[in-house]
Amino acid sequence: MGYDPSHTNFLKVYVGMPTMIPKLKTIMEDGITLPGLTDENGGAVRGSTTFQPFECNVPYVLRYMIDRDVTGAGWLSLPKGTYKLRKSENEKGTHCQIEADICYNEIIPRKPEGEWSKVAPLRILSFDIECQGRKGYFPEAEQDPVIQIANSLSVYGRNTGPIVQNVFTLKGCLPIVGAQVISSETEQDMLLKWRQFLHASDADILTGYNVQNFDIPYLLDRAEAIWGKKDPKLRTFTQWGRVKNAQTKKRETMFSSSAYGRRNNTETTIEGRVIFDMLPYMQRNHKLSSYSLNSVCAEFLNQQKEDVHHSIISDLQNGTDADRHRLAVYCIKDALLPQRLMDKLSVLINYVEMARVTGVPVSFLISRGQQIKVFSMILRKCRDENLLVPTLKKSGANNDDGYEGATVLDPIKSYYEVPIATLDFASLYPSIMQAYNLCYSTMISAKDATKIDPTKYKKSENGHTFVHSHVKKGILPTILEELLSARKRAKKDMKNAPNDFEKSVQNGRQLALKVSANSVYGFTGAGVGQLPCLPIASSVTSYGRFLLEKTKAYVEEHYTQANGYEHNAQVVYGDTDSVMVKFGTTTVADTFPLAIEAAEKCSAIFPDPILLEFEKVYYPYLLMNKKRYAGLMWTQKDKYDYMDTKGLETVRRDNCALVRDVIQTSLDKIIIERDVPGAIDYVKSQIADLLQNKMDISQLVITKI
DNA sequence: ATGATCGCCTAA
DNA sequence: TTAGTTAGGCGATCAT
Ligand SMILES: Nc1ccn([C@H]2C[C@H](O)[C@@H](COP(=O)(O)OP(=O)(O)OP(=O)(O)O)O2)c(=O)n1
């Protein structure tokens with residue numbers, strides 16, 4: 001399917017969902033407004049109340065075909081309404097801008113399941129460049145030219161592998177089996193030929209490994225260096241997109257979040273093509289000790305790549321056609337691998353789902369964080385319900401001292417050689433928000449509460465008041481319903497996965513949706529954010545603390561000898577939403593029925609959809625400290641699943657290999673073989689070896705970023 | 001010597 | 001319009 005560039009030009013839409021809000025809709029009887037959405041709670045009411053409706057031209061709406069045809073996100077279409085227009089003057093004339101929150105997410109009807117890839121056969125171009133000279137980023141230097149560009153073009157949803165593989169080389173190169181070799185005598189010629197190929201390939205998605213921060217900017221900077229800013233050839237070269245005459249532009253951005261860390265990125269805009277770099281994808285979605293393409297491929301593709309050390313690249317380039325052939329083979333491999341990773345890990349399918357559920361363009365899923373997703377969902381729902389979302393004032397030093405979080409029960413540290421059952425709330429915080437209808441749109445002030453019928457609201461554990469869902473169902477609970485049902489689908493797919501690898505892919509998908517659901521709660525507690533509302537966040541955690549305490553008390557009071565059970569149950573540990581219970585039973589089989597019953601009985605005393613689940617038994621169980629334990633995990637009566645380790649050195653990445661290995665081996669001895677003396681002997685012998693310098697130094701290396 | 005604080009990473 | 005949340009262990013470093 002060809003791409004019609006006219007779609008990328010300006011599209012006429014109404015833009016809405018203003019952030020400058022004259023007055024919030026009053027939805028309660030008795031004239032009570034909902035402070036969660038008014039200026040009372042920090043919302044800024046700015047601007048006048050009367051503005052004319054108008055139309056405007058919005059560029060970039062259809063920038064990405066993947067969002068136009070597949071996710072439906074990326075639209076700015078909003079209902080006709082009254083919005084504020086901000087005018088500014090400059091030498092070119094009057095410039096108009098709408099003061100509006102962009103609703104990214106008009107959902108387009110989805111094609112039947114499984115057919116979308118036929119509807120939009122996305123073309124993926126994976127590429128890699130090779131530079132001569134020093135390792136590093138020196139595009140201006142004479143001696144550091146781009147010497148090769150390898151490409152692999154494939155069509156998503158067709159399991160045919162790459163439909164085109166080629167390599168552009170500077171100077172001659174021997175033919176390569178399965179790939180086209182296009183040689184140039186000058187770097188300029190090579191770059192222009194590559195740019196021509198890019199257009200011919202008409203890729204929807206550009207991928208590679210670290211292309212975002214290296215290959216793409218290097219090509220652009222290099223082009224500028226060899227042609228100079230003024231040369232029309234530079235203008236030609238940088239037209240990579242689908243809009244005629246549009247230059248590819250890059251800019252430096254900074255992104256820092258506690259989850260993803262601090263990152264400096266180069267963001268490049270190519271009209272009509274999404275840059276989807278596999279390196280940041282890997283860093284965000286997989287916890288690894290090394291993110292080199294080599295180790296990632298070893299892990300996920302069971303494939304090693306031949307490495308050409310950068311110090312000999314120059315010699316090879318200056319050598320014969322056969323030498324350059326060796327380089328090219330290596331380069332092609334590097335271009336192919338990211339695309340294969342993408343395929344194997346179902347990256348696009350999973351990200352398209354996430355984009356659809358949350359209503360943000362796919363590109364945001366790599367370049368932005370959780371806030372934009374939640375905000376986008378809020379805007380979407382609010383638009384449906386005719387609610388307005390305020391723009392809060394830039395809150396300088398807002399809520400300095402945070403709020404109280406979850407309880408972690410004091411562990412009774414021990415090595416338990418009896419079964420310990422784990423009872424766990426399913427999606428605790430999201431289900432709390434649903435059960436108690438916690439939302440911006442349902443919160444009322446204490447003063448207002450006195451004015452209405454007490455059957456209509458409930459005070460949370462820490463004193464904030466929310467109306468019941470029969471009065472007004474909250475926005476956030478509705479959003480959570482959707483997220484959790486998406487997660488349920490993912491969990492089902494995980495259960496039905498044909499093999500372990502597919503299972504782990506589905507597990508990643510399921511976990512990503514879980515994090516997004518938990519981020520709805522996190523969003524309300526994010527002091528630096530678009531719409532913080534600490535009363536909601538702290539109510540959620542206070543309910544959580546309450547539920548955990550109740551559960552512990554119920555189990556310990558109910559499962560007693562006085563009530564006719566063989567032993568008194570004891571909660572030995574618990575964290576946020578789980579309790580570890582020693583029922584006093586000695587076999588896994590005896591523990592199951594008790595645990596199942598306990599979970600059911602507890603669930604019954606809590607409102608829907610709060611659900612306490614019996615998930616697993618640990619037997620044996622080594623409880624070291626808060627957030628540090630290990631145990632053999634049983635989800636079925638007859639055989640254990642694997643050893644589950646939490647918080648111990650073996651699952652941390654800030655240790656040297658020796659520490660990890662020694663602890664892993666001793667844990668194996670203690671928990672699987674149940675040989676404590678053996679473990680002690682082993683550790684002693686290892687220490688002796690260490691003190692006598694018998695250890696390999698590589699075992700002691702701590703790798704830091 | 002010893003307790004407070006910081007950096008890092010993880011559990012939830 | 002950059003950035004979900006709190007709790008908490010453990011080793012290193014600082015302040016006394
Ligand atoms: N990244 C996370 C993980 C957890 N939590 C909070 C909200 C969760 O509801 C609660 C319990 O976390 P769990 O890891 O047990 O996960 P859930 O209960 O949400 O899901 P499930 O137990 O169904 O896997 O802790 C959070 O805010 N952010």
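Just so we're on the same page: letters track the sequence lines, and every chain starts at 1. Keep in mind that the numbers below use all heavy atoms, side chains included, and drop hydrogens, waters and symmetry copies.
- Between the CG atom of Asp410(A) and the C1' atom of dA7(C) there is a distance of 13 Å, rounded to whole Å.
- Taking atom NZ of Lys287(A) as the reference point, atom P of dC9(B) lies 11 Å away to the nearest angstrom.
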Could you go through the salt bridge (Lys or Arg N to Asp or Glu O under 4.0 Å) check for Lys488(A) and Glu481(A) one step at a time? CA-CA 10 Å; Lys488(A) 208 171 271 174; Glu481(A) 245 169 58; over 6 Å; no

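- Each of Val515(A) and Thr407(A) was matched to the nucleotide of DNA chain C holding its nearest heavy atom; the match closer to the 5' end belongs to Val515(A).
- Atom pair Glu615(A):CD and dA12(B):P shows a separation of 11 Å (rounding to whole Å applied).
- Atom C1' of nucleotide dA3(C) and atom OH of Tyr260(A) are separated by 11 Å, given to the nearest angstrom.
- Summarising the geometry, the separation between CE on Met580(A) and P on dA11(B) is reported as 12 Å, rounded to the nearest angstrom.
- Atom name P, nucleotides dG4(C) and dA12(B): the rounded distance is 22 Å, in whole Å.
- Base engagement by Ser519(A) is indicated by at least one non-hydrogen atom pair under 4.0 Å involving a base atom.
- A centroid separation of 6.0 Å or more is found between the aromatic rings of Tyr291(A) and His286(A).
- Within the structure, every side-chain polar atom (N or O) of Tyr573(A) is placed at least 4.0 Å from both OP1 and OP2 of dA12(B).
- The distance from atom NZ of Lys287(A) to atom CE of Met282(A), rounded to the nearest 0.5 Å, is 15.5 Å.
- Here dA12(B) is the nucleotide among dC8(B), dT2(C), dA12(B) with the atom lying nearest to any side-chain atom of Asp575(A).
- For the atom pair CG (Leu547(A)) and OH (Tyr429(A)), the distance works out to 10.0 Å, reported to the nearest 0.5 Å.
- Contact annotation: Asn518(A) does not reach the phosphate of dA12(B) (side-chain N/O to OP1 or OP2, under 4.0 Å).
- Residue contacts for Val651(A): at a heavy-atom cut-off of 4.0 Å it reaches the sugar-phosphate backbone alone, with no base atom in range.
- Nucleic acid contact class of Tyr403(A) (heavy atoms, under 4.0 Å, all strands): sugar-phosphate only.
- Remark: the backbone N or O of Phe255(A) is not paired with any side-chain donor or acceptor of Arg262(A) at under 3.5 angstrom.
- With the 3.5 Å cutoff on both pairing distances, Watson-Crick and G-U pairs in DNA chain C assemble into runs of at least 3 at B:1-12 with C:5-16.
- Nucleic acid contact for Phe425(A): none, since no nucleic acid atom lies under 4.0 Å from a heavy atom of the residue.
- Rounded to an integer number of Å, the gap from Asn265(A) CG to dA3(C) P is 12 Å.
- In this model, the phosphate group of dA12(B) is not approached by any side-chain N or O of Lys514(A) to a distance below 4.0 Å at OP1 or OP2.
- Between Tyr281(A) and Tyr351(A), the ring centre distance stays below 6.0 Å.
- Arg653(A) has no side-chain polar atom (N or O) that falls below the 4.0 Å cut-off from OP1 or OP2 of dC8(B).
- Met377(A) has its CE atom 12 Å from the P atom of dG4(C), to the nearest Å.
- Judged purely by atom type and a 3.5 angstrom limit, Tyr573(A) uses its side chain to pair as donor or acceptor with the backbone of Lys627(A).
- For the ring-ring contact (aromatic ring centres under 6.0 Å, His included) test, residues two or more places apart in sequence or in another chain that qualify with Tyr618(A) are Tyr621(A), Tyr629(A).
- As judged by a 4.0 angstrom heavy-atom cut-off over every strand, Ala526(A) is placed among residues touching the sugar-phosphate backbone only.
- Separating the OH atom of Tyr440(A) from the C1' atom of dG4(C) is a distance of 10 Å, rounded to the nearest angstrom.
- Note on Gly405(A): only backbone sugar-phosphate atoms sit closer than 4.0 angstrom, heavy atoms only; bases stay farther off.
- Out of dT5(C), dA12(B), dA3(C), the shortest distance to the side chain of Asp577(A) is found at dA12(B).
- Under the salt bridge (charged side-chain N to carboxylate O under 4.0 Å, His left out) criterion, the residue pairs touching residues 405-416 of chain A are Asp410(A)-Lys626(A), with sequence neighbours excluded.
- The side chain of Arg368(A) sits closest to dT2(C) out of dC8(B), dA7(C), dT2(C).
- A close approach under 4.0 Å does not occur between any side-chain nitrogen or oxygen of Lys627(A) and OP1 or OP2 of dG8(C).
- Between dC10(C) and Arg628(A), a contact under 4.0 Å exists linking OP1 or OP2 to a side-chain N or O.
- Nucleic acid contact class of Ser258(A) (heavy atoms, under 4.0 Å, all strands): base.
- Nearest nucleotide to the Arg652(A) side chain, out of dC9(B), dT2(C), dA11(B): dC9(B).
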